[in-house]
Amino acid sequence: MMIMKKHFSLVFLLLIGLTNESVAQSVQEPATETFQNGIQLFEEGLYEEASGELEQFLEHHEDHQMAISARFYLSRARGKTDSVNQEAYYEQFISEHPHSDFSSKLLFDLADRAKRNEAYDEALAYYQRAIDLGLPQKKAAQTYYWMARTASSNNEPEQARNYFLKLADDYPDTDWAPKALYERGQLFLSEERYDASTDAFELLKERYPNADITRRTAMALGESYYQQGRYEQAIEAFKNAMPYLDEEMETKAVLLIAESYNYLENFDEASTYYRQYINRTEGTEAERAAHYGLGWLYHKQEIYHWASDEFEKAANGSDELARKALYYKAVNEKMGSRYQEAMNTFRHFGDRFTEGSWVEQAYYEWAITAYEMGNHPETIEVLLSLVRNEDELEWSGKVYTLLGEAYFANEEYTRSIQAFEEAEGMANIDPEVKREARFQKAWVQYSNQAYQEAQKNFESLYEEVPEEEVGIEALFWSADAYYNMEEYGPAAQQFRQFTQQYGDHELVGPASYSLGWSYFKMGEFEQAIGPLNTFLQEYDPPETALYPYNTDTRLRIGDAYFALGDYSNAMSTYREVLGAEPGGDYALFQIANSYYRSDQTYDAVTTFRRFLEEYPNSQLSQQAQYNIAYIYLNTGNYSQAVEEFQTVISKYPGTSWAARAQYNIGDTYYNAGDYEQAIAAYKKVMEKYPDSEYVIEAVNGIQYSQMSVGGADNSSDALEQFLEENPQTSMADRLRFRQADNLMQSGDYNSAIEEFQQYIRITNNEELLPDAHFNLANAYEETDQLGEAISAYQTVVQEFPDSDRFGPSLAALGRIYYNRGNFEQSHEYFSQLLEEGRNDYRLEAHIGRGNAQLQMGNIDAAEEAYRSALQINSSYASANVGLGKVELENGEYQDARDLLSLVAEANTSEVGAEAQYLLGVVNQRSGNYEEALQNYSRVSVLYGAFDTWIARAQLGRAESFIQLGQTGEAKSTLENLIQNYPNKPEAQEAQELLDSIN
């Protein structure tokens with residue numbers, strides 16, 4: 001125990017120092033000895049033993065002056081041995097001695113424990129209690145500092161700053177005040193609230209200009225200015241801080257000064273400080289930051305090779321700086337037109353980094369560079385690697401879009417579309433990028449001639465964003481896709497819309513040009529002239545084109561005038577391009593044709609002769625010489641015509657024009673009445689041009705000539721002789737086909753059936769087989785052998801889907817099944833015609849589908865089909881009649897009357913007869929029987945060739961007479977119907993009606 005007396009703890013001595021003299025004098029007393037032993041044991045960490053000594057002391061000396069100290073240490077010792085109840089021990093002491101310095105100490109201990117347990121709100125509460133119990137100014141200031149640091153640890157920076165500011169405001173004379181203001185500024189800086197941090201540091205400078213920490217603040221203030229982009233103030237602050245900084249912070253200041261000068265584009269000063277930094281950090285990792293900065297400095301000055309060198313020096317390692325530096329090294333090599341070096345650097349980047357920061361940017365730029373160099377396989381490989389290795393791509397839409405473009409350039413069209421669809425389907429990318437991907441997908445389809453799919457995608461994109469550039473351009477390409485599908489009506493509509501809505505767009509010129517062409521293709525020549533003239537007068541043609549746009553436009557305008565019969569304007573337009581290359585020959589040729597069409601035959605001949613002098617090697621020269629001869633033939637100058645045709649033969653032997661000229665020599669003699677010469681000329685066609693298509697015409701010429709002289713028709717003998725002498729001629733098969741076809745044309749359908757069946761059995765030429773089966777089917781129809789007709793048409797559809805007879809056969813099957821009342825089967829054939837047939841049968845397909853739907857009671861579907869036809873041709877009579885029938889079924893009689901009248905008043909074909917008949921039906925159903933009688937009568941008067949509609953009209957007349965009570969007129973009409981059209985189904989209805997009247 002004597003040893004313990006010699007080793008009193010410092011704490012105990014301090015405590016003793018706080019007591020009065022009487023306490024000091026009692027140190028050697030036995031009571032204080034127990035107290036001293038308790039303190040010593042506590043300091044040695046023997047808390048249970050310490051508790052025993054202190055309890056013994058308090059038990060015998062409850063009122064001793066050292067009792068408060070004993071209770072303080074006893075509370076602490078108990079708390080150490082029973083941590084669960086530590087707070088209870090402390091609180092008991094605090095409640096008993098609230099204003100004791102020991103209570104504050106215990107509260108601080110509790111706060112420290114709470115902080116260790118990350119119970120920061122509890123810690124703050126303990127600190128606040130300590131302040132509330134009363135603390136000296138210096139200790140209170142220190143407590144607020146602790147509270148601020150605790151709030152900061154609790155992610156409550158605003159609360160922390162408030163504590164720091166309260167400390168500075170309430171205890172300005174303590175050493176803690178400037179420290180608190182400094183920490184407050186640093187908090188703003190850590191939150192990147194640079195304006196506020198600047199204000200905080202300036203407040204520190206204002207209040208404590210001479211404090212040591214204020215001088216250190218210059219560095220933090222400089223960083224704040226730097227982060228705000230206030231580089232001049234940052235430079236000044238860093239330079240002012242230099243004398244007070246240690247070497248490490250001074251080096252950092254040098255770098256930030258260099259960076260600030262770099263941002264200010266003061267490249268000389270920036271370079272100087274970067275060099276200083278390099279000298280200070282040479283051989284260390286830190287050196288790379290200056291090289292990176294120098295790289296940007298040279299980049300800004302467009303000294304790309306120096307920039308790439310500096311970035312290379314910064315690219316060592318694998319951290320983010322190394323990645324950025326290597327990336328920018330490649331970028332600067334590319335910008336310096338060193339593409340191969342750039343590619344090598346990108347590849348090096350790919351070897352070093354496959355995931356993580358800057359990989360996406362570098363790989364994407366690598367892929368773009370490869371794409372620009374035409375290395376599409378590498379572009380694809382790089383992008384696929386990026387997609388596979390990166391779970392989440394920031395530029396996913398751009399990546400997949402570029403991948404689609406690369407696949408497209410590599411002619412991998414299916415994968416290209418898949419890539420664009422992937423980009424389009426991304427949920428987390430910019431909608432603008434999605435739309436660009438959709439546009440590129442449509443463009444791939446368009447370029448791959450999948451015009452229907454492309455058109456739909458372009459149009460949907462336009463409808464979504466009609467005012468954005470991608471949508472506006474999509475409208476143009478939607479129209480162009482329609483044009484390439486030969487759907488000129490919708491094409492014209494969209495081109496017209498484009499020109500009207502986007503008059504300032506760069507594509508409005510091509511749109512006007514294409515609009516004119518669309519009208520031209522539809523035969524709407526008058527409408528074609530305006531847009532073509534607009535293009536010619538207001539827009540510059542492309543610099544590079546296979547054919548000069550201005551020449552082509554004038555030629556099309558001339559052709560439009562020509563087609564309209566306005567030969568004067570046609571010739572004026574053609575003259576504008578005389579001498580053009582190419583195109584001048586066509587213009588002069590058409591001027592000659594215009595003279596001919598204007599009955600100015602002299603000018604026509606002289607112009608054709610001029611053409612032959614100026615363009616002897618033109619592809620049109622043969623036709624020009626032929627036209628001269630033909631003009632003489634048509635004007636009755638037969639001897640000159642023969643001479644000119646002979647010129648064609650002598651100048652262009654072995655051509656189709658020579659064969660045609662020889663045939664026309666026969667026609668010339670025939671027209672002159674010299675039939676023997678004509679026969680000789682026709683036979684010469686067969687002798688000299690056995691493979692010519694005019695052999696068949698020559699046989700016909702022989703037949704007509706022999707009949708004209710009253711002789712026997714031995715043209716078939718001549719044909720047989722020809723086939724015997726020329727068994728290998730390419731025309732042999734066609735001549736045999738001609739024999740069967742002649743029977744068909746003459747109306748001998750039964751014989752035609754036999755001949756076509758024979759032809760199909762023996763022919764080796766599949767070219768005419770579709771025609772043979774089709775004609776056979778026609779012959780079966782004419783002889784009411786509808787089952788055989790259906791079989792023959794189906795043969796064409798099944799075996800010859802690429803032939804010209806495919807569409808007509810589907811149409812015929814649809815028609816036959818419709819007439820048989822099998823409307824569902826009819827609809828299927830017309831639908832197949834729409835899907836698989838050529839564009840020239842789309843109108844017939846829509847009308848067929850509409851008629852079938854109407855008969856099946858599907859009024860809305862029928863209307864849709866008819867309107868689809870009108871979209872292709874807005875004046876198509878059958879479609880308007882169809883809509884009239886729809887309105888009739890809907891009970892909209894006036895609308896039906898308006899539609900049907902348009903057709904009946906202007907159309908003399910069968911569709912006109914149908915319209916006229918339906919007008920009678922409209923008036924009959926609406927109770928206008930007198931008008932119905934007039935409409936029905938017009939069918940017989942105006943459309944005498946169409947028995948079916950006459951018979952139906954007669955039946956309608958009889959019904960109208962009955963409604964008017966004129967049974968005598970009704971009987972007479974019904975009897976005439978039965979007598980004149982006994983084989984029509986209407987005759988049977990008429991008989992039944994007549995029986996009911998009688």
Side-chain angles (χ1 to χ4, degrees), residues 476-477 479-484 486 488 491-492 494-496 498-499 503 505-598 600 603-628 657:
F476 175 88
W477 292 111
D480 208 54
Y482 270 130
Y483 184 91
N484 280 286
E486 300 182 10
Y488 302 116
Q494 290 192 345
F495 280 130
R496 183 171 60 249
F498 188 93
T499 58
H505 196 275
E506 62 180 354
L507 289 174
V508 75
S512 297
Y513 177 79
S514 299
L515 176 59
W517 259 109
S518 298
Y519 285 132
F520 190 90
K521 289 285 190 179
M522 289 190 291
E524 298 178 12
F525 302 112
E526 189 169 1
Q527 289 180 277
I529 293 170
L532 291 173
N533 266 324
T534 299
F535 171 76
L536 194 63
Q537 296 166 12
E538 298 183 14
Y539 302 102
D540 295 327
E543 295 181 2
T544 303
L546 296 177
Y547 198 94
Y549 274 66
N550 52 358
T551 300
D552 177 76
T553 305
R554 288 187 172 91
L555 291 177
R556 294 298 75 76
I557 294 171
D559 287 346
Y561 281 127
F562 185 89
L564 291 168
D566 187 351
Y567 302 114
S568 176
N569 275 323
M571 287 190 284
S572 296
T573 308
Y574 289 135
R575 288 191 183 100
E576 292 176 3
V577 290
L578 286 176
E581 284 295 339
D585 58 340
Y586 178 80
L588 185 57
F589 181 84
Q590 283 296 88
I591 290 171
N593 275 332
S594 299
Y595 277 129
Y596 174 68
R597 293 293 184 91
S598 303
Q600 301 178 58
D603 291 323
V605 170
T606 56
T607 304
F608 277 128
R609 294 199 188 282
R610 174 187 165 192
F611 175 89
L612 290 168
E613 291 176 4
E614 295 185 10
Y615 300 102
N617 298 317
S618 170
Q619 292 182 346
L620 297 170
S621 60
Q622 300 172 28
Q623 187 175 353
Q625 178 61 52
Y626 174 86
N627 285 356
I628 292 171
W657 289 104

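In this chain, numbering begins with 1 at the start of the sequence shown.
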Do Leu555 and Tyr586 pass the side-chain contact (heavy atoms from CB on, under 4.5 Å) test, and can you show the C-alpha distance, the side-chain angles, and the key distance before you say yes or no?
CA-CA 8 Å; Leu555 291 177; Tyr586 178 80; 3.7 Å; yes
Passes side-chain contact (heavy atoms from CB on, under 4.5 Å), Leu588 versus Tyr574? Steps please.
CA-CA 7 Å; Leu588 185 57; Tyr574 289 135; over 6 Å; no
Apply side-chain contact (heavy atoms from CB on, under 4.5 Å) to residues Ile529 and Asn569 and explain how you reach the verdict.
CA-CA 11 Å; Ile529 293 170; Asn569 275 323; over 6 Å; no
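The two residues Phe562 and Ser594 come nearest to each other via the heavy atoms CD1-OG, 3.4 Å. Closest of all the heavy-atom pairs between Thr551 and Gly583 is CG2-CA, 4.2 Å. Taking all atoms of both residues into account, the shortest heavy-atom contact from Ala587 to Val577 is CB-CG2, 3.6 Å. The two atoms that bring Leu507 and Pro510 nearest to each other are O-CD, 3.3 Å, heavy atoms only. Nearest heavy atoms, Gly516 versus Pro531: N-CB, 3.7 Å. Taking both residues in full, the closest heavy atoms of Val508 and Thr499 are given as CG2-CA, 3.8 Å, listed atom of the first, atom of the second, then distance.
The ring of Tyr561 has its center no closer than 6.0 angstrom to the ring center of Tyr567. For Phe495 and Phe476, the gap between ring centers is short of 6.0 Å.
Using cut-offs of 30° and 60° on the angle between ring planes, the pair Tyr513 and Phe535 is tilted. Relative ring orientation between Tyr626 and Trp657 is described as tilted, the plane-to-plane angle lying within the 30° to 60° band.
Other residues, nucleotides and ligands contribute only 12 or fewer heavy atoms inside 6.0 Å of the CD atom of Glu526.
In this structure, the separation between CG on Leu564 and CG on Asp559 is 11.0 Å, given to the nearest 0.5 Å. One finds the CD atom of Gln619 at 12.0 Å from the CZ atom of Phe589 (value rounded to the nearest 0.5 Å). Annotation: the span from Ser618 atom OG to Gln623 atom CD amounts to 10.0 Å, rounded to 0.5 Å. Note: Thr553 OG1 to Trp517 CH2 = 9.5 Å, rounded to the nearest 0.5 Å. Between Phe520 atom CZ and Arg556 atom CZ the span is 5.5 Å, to the nearest 0.5 Å. Rounding to the nearest 0.5 Å places CG of Leu620 at 13.5 Å from CD of Gln625.
In this model, a donor atom of one side chain and an acceptor atom of the other lie less than 3.5 Å apart for Arg496 and Tyr519.
Ser518 places a side-chain N or O within 3.5 Å of a backbone atom of Ser514 that can act as its donor or acceptor partner.
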